[in-house]
Protein chains: 2
Amino acid sequence: MDGSRLHTQTERTPVDPAVPAAPTTITAIHLTPILVADPPLLNTQGVHQPYTPRLIIEVITAGGAAGLGETYGDTRYLALARPLADALIGRPVTDLNALPRLAAEVCGDSPAATGAEDVTAGGLRGVQTADKLRLSVLSGFEVACLDAWGRHAGLPVHALLGGKVRDRVDYSAYLFYRWAGHPGGRGEPDDWGAALDPPGVVAQAGRFHDTYGFRSFKLKGGVFEPAQEIAAVRALATAFPGRPLRLDPNGAWSVATSLKAAHELQDVLEYLEDPTSTTTHMAEVASRTDLPLATNMCVTTFAEIREAFTRDAVQVVLCDHHYWGGLRSTRELAAICRTFGVGLSMHSNTHLGISLAAMTHVAATVPDLRYACDTHYPWQTEDVLTERLTFTDGALPVSDAPGLGVTLDRDRLAALHGRWLSDDGTLRDRDDAAAMRAADPEWVTPRVPRW
Amino acid sequence: MDGSRLHTQTERTPVDPAVPAAPTTITAIHLTPILVADPPLLNTQGVHQPYTPRLIIEVITAGGAAGLGETYGDTRYLALARPLADALIGRPVTDLNALPRLAAEVCGDSPAATGAEDVTAGGLRGVQTADKLRLSVLSGFEVACLDAWGRHAGLPVHALLGGKVRDRVDYSAYLFYRWAGHPGGRGEPDDWGAALDPPGVVAQAGRFHDTYGFRSFKLKGGVFEPAQEIAAVRALATAFPGRPLRLDPNGAWSVATSLKAAHELQDVLEYLEDPTSTTTHMAEVASRTDLPLATNMCVTTFAEIREAFTRDAVQVVLCDHHYWGGLRSTRELAAICRTFGVGLSMHSNTHLGISLAAMTHVAATVPDLRYACDTHYPWQTEDVLTERLTFTDGALPVSDAPGLGVTLDRDRLAALHGRWLSDDGTLRDRDDAAAMRAADPEWVTPRVPRW
């Protein structure tokens, strides 16, 4: 992947220069891959790399509106973004229903888009299929188009989704076992310190609570023996009595371990997230506990819904507009969950402020989003915005400014792109197992169930 | 219901006249009930009245845009429309996600909105609940808001739904057993003549085909002995070999009769629509035939989907934006059907050109609408538009003009409203059984299964 080629403007001369393009016509798209600092957060696959790739998308219209989008920046996502950007030039930003077909057409033959890997190889993002890869790429374009459309029309993105039904969106604290720093002192330092046991988790939660006002707490598990993670959740329950708590071992547990944990934490957990891998195992756990099971692993595509819902394998789906193909698809997922009596929450991978703004807009429009949304944002000290989004009382206000309501900082974007350009390729694809091998050369991605 | 009161402008003075309202703010809403000519079309409940009530909704914005909507005009719909219109003044036309809550708030205590009737008492429109009544009313407001928004923004309604994925929408010929005229010569005469046997149905189909180019044919059944209706479908198959055919007895048959008909027509029907009443009976039929079953009776609300889809009771859902709460909800229904592998077609009750335009816009945006849509429109010789929509080769072009792309004819509207005003109340609520009693004083609504 040649960086300079990626970071050029895709532009096309109108067929007939005498006919002016409609103001909503896309005339240019900038694709800028970046590497953004990420703390040493632990999960069952390994640890976050010192820097993680993201792709920043700018859609420019004939009328001068510029829209921002953000999605995964790994190489195979970038490989699909380029032909999709080319295909969008000359089309109106409003033409969103055409995106899936366009993406299938231009990405269909790409080697990056073919072949499905299984969930363990794919890692933490659930099943990996060509369809889902395309949806993850096009989601960034959909958000950028909505932002541009909103700026053009003077309407916030939530209005383009039918309007907000709440003025603020609650987020939860996303607690991680973590080291104080990356192995070898790589990456950007921070002052959070290590959190490797229940007191460390409680201290981290306290800082999240005091700094941002978060009222819900989610612990990323699957890192230590289940007994320690169960103890950490109980310590949180003691420190923050009555607050909604969640534990997410990322499918690392067996059915038996999941049931044991569900039993021990039933009185304090709001939901147990992906205790075990596969719909079949989740259904088995669900049939033997009253604790709601949530997922962002066994249901991450529309194709997985029918089986999971019919078998009552999950009680809460964590939506993610990146996985599901954009903000409008996320609303469709919400409608499906509502219809089948399945709860809705929101998932987060490492992301920046553009995606956080997009998450907030769509969350504001979904009537039955009754859980605080996940976000990694507090862990991201770097952003490409002129002004970071600020949590107050654990929530973000829903912006009524045109578009997403965020502004690109070109200097920051250039700096983070420069980091991507100067990388030797080792960090351009997120690989938590590889990052772990910097500390433990013998590390291999654990098989599930790990416990 | 006092007509003059209904046909007034709902308007509110701004809180602070010095602060100009945003251009998309609703400043006035006109509600105009009308009676529109309807031919003597037969169904299992009785016969269409000489005139049928519809409600025409005009939403006016501060920026001067006017949007049109249309929905059922029966008294209990009108009773809910007035408070909803009042509640919408001062709100932006873009604020569509708020409509369900607003409708529930302002209509919740209305006597018209309380109490559920069963499906047989409710008649041909499926289950009748307070929720569904509200959705049917708000659908007209949603369409009017989308039309106003589109006119303001210079965008067609399909663009506000994410853009069209096709340039024309196929419709099917809607064949009815019918009399030459209404009893006692009431109503508006037409030259279609009677169709009361297989040759009459084939002749009617021929005229539909020659005049409009329709390539699919649906026969409204449940009127005569099943054997005659089966013979009519076979006569259609002979006259139009290979063309998609449908038969809709409106739930009038037993499971055994349904299965017999399915067996006899399996080789010529595209789908069999509502052969029998209730999800349980449909599931029983579906389990014993390969012929797809369609419905616009046992699944007409989101609440009915889970059971029907889980039991595989229906293979095609006929969407109807009136029932389902608007064009955006119709798209959500489409997403649910797509996710569960259930086909999607489109239902029609008697309607005018505003609703036909709305149906066409939403149908144009749904990727997997693979069946020609139903429409009563060719039977409606009267309309409130300056220019009627015209079928070519059985399809309507998808308008790219701002909004719905139709224009209100105020003289026609006034004339049809005048007819509503001068009615003594007997036609203000559609009652096919009452209309039948004009010919057969002993007629009572048949119990199902009728055969």
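Chain naming here is simple, since letters A, B, ... match the order of the sequence lines and numbering starts at 1 in each.
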Margin query: I'd like to know which of A335(B), P100(B), P92(B) tops the heavy-atom pair count under 4.5 Å against chain A.
Written below: A335(B)
Item checked: Atom group of L160(B) that falls short of 4.5 Å from chain A, counting heavy atoms -> both
Notebook entry, point to check: What about F340(B) and F340(A), are their ring centers closer than 6.0 Å?
Noted result: yes
Checklist line | Contact origin within A159(B) toward chain A - heavy atom pairs under 4.5 Å | finding: both
Next item on the list: Name the region of R101(A), side chain, backbone, both or neither, that has any atom closer than 4.5 Å to a heavy atom of chain B.
Entry: neither
Next item on the list: Would you name the heavy atoms of R306(A) and T339(B) that are closest together and state the gap between them?
Entry: CB-O, 4.1 Å
Checklist line | Distance-minimising heavy-atom pair for G162(B) and R328(A) | finding: CA-NH2, 3.2 Å
Check: Given the options R338(A), R331(A), H158(A), which has more heavy-atom pairs under 4.5 Å with chain B than any of the others?
Finding: R331(A)
Margin query: Please classify the contact between T310(A) and chain B as side chain, backbone, both or neither, with a heavy-atom cut-off of under 4.5 Å.
Written below: side chain
Check: Can you tell me how far CD1 of I305(B) sits from CD1 of I336(A), rounded to the nearest 0.5 angstrom?
Finding: 9.5 Å
Item checked: Side-chain donor or acceptor of N97(A) paired with backbone N/O of G163(B) under 3.5 Å -> yes
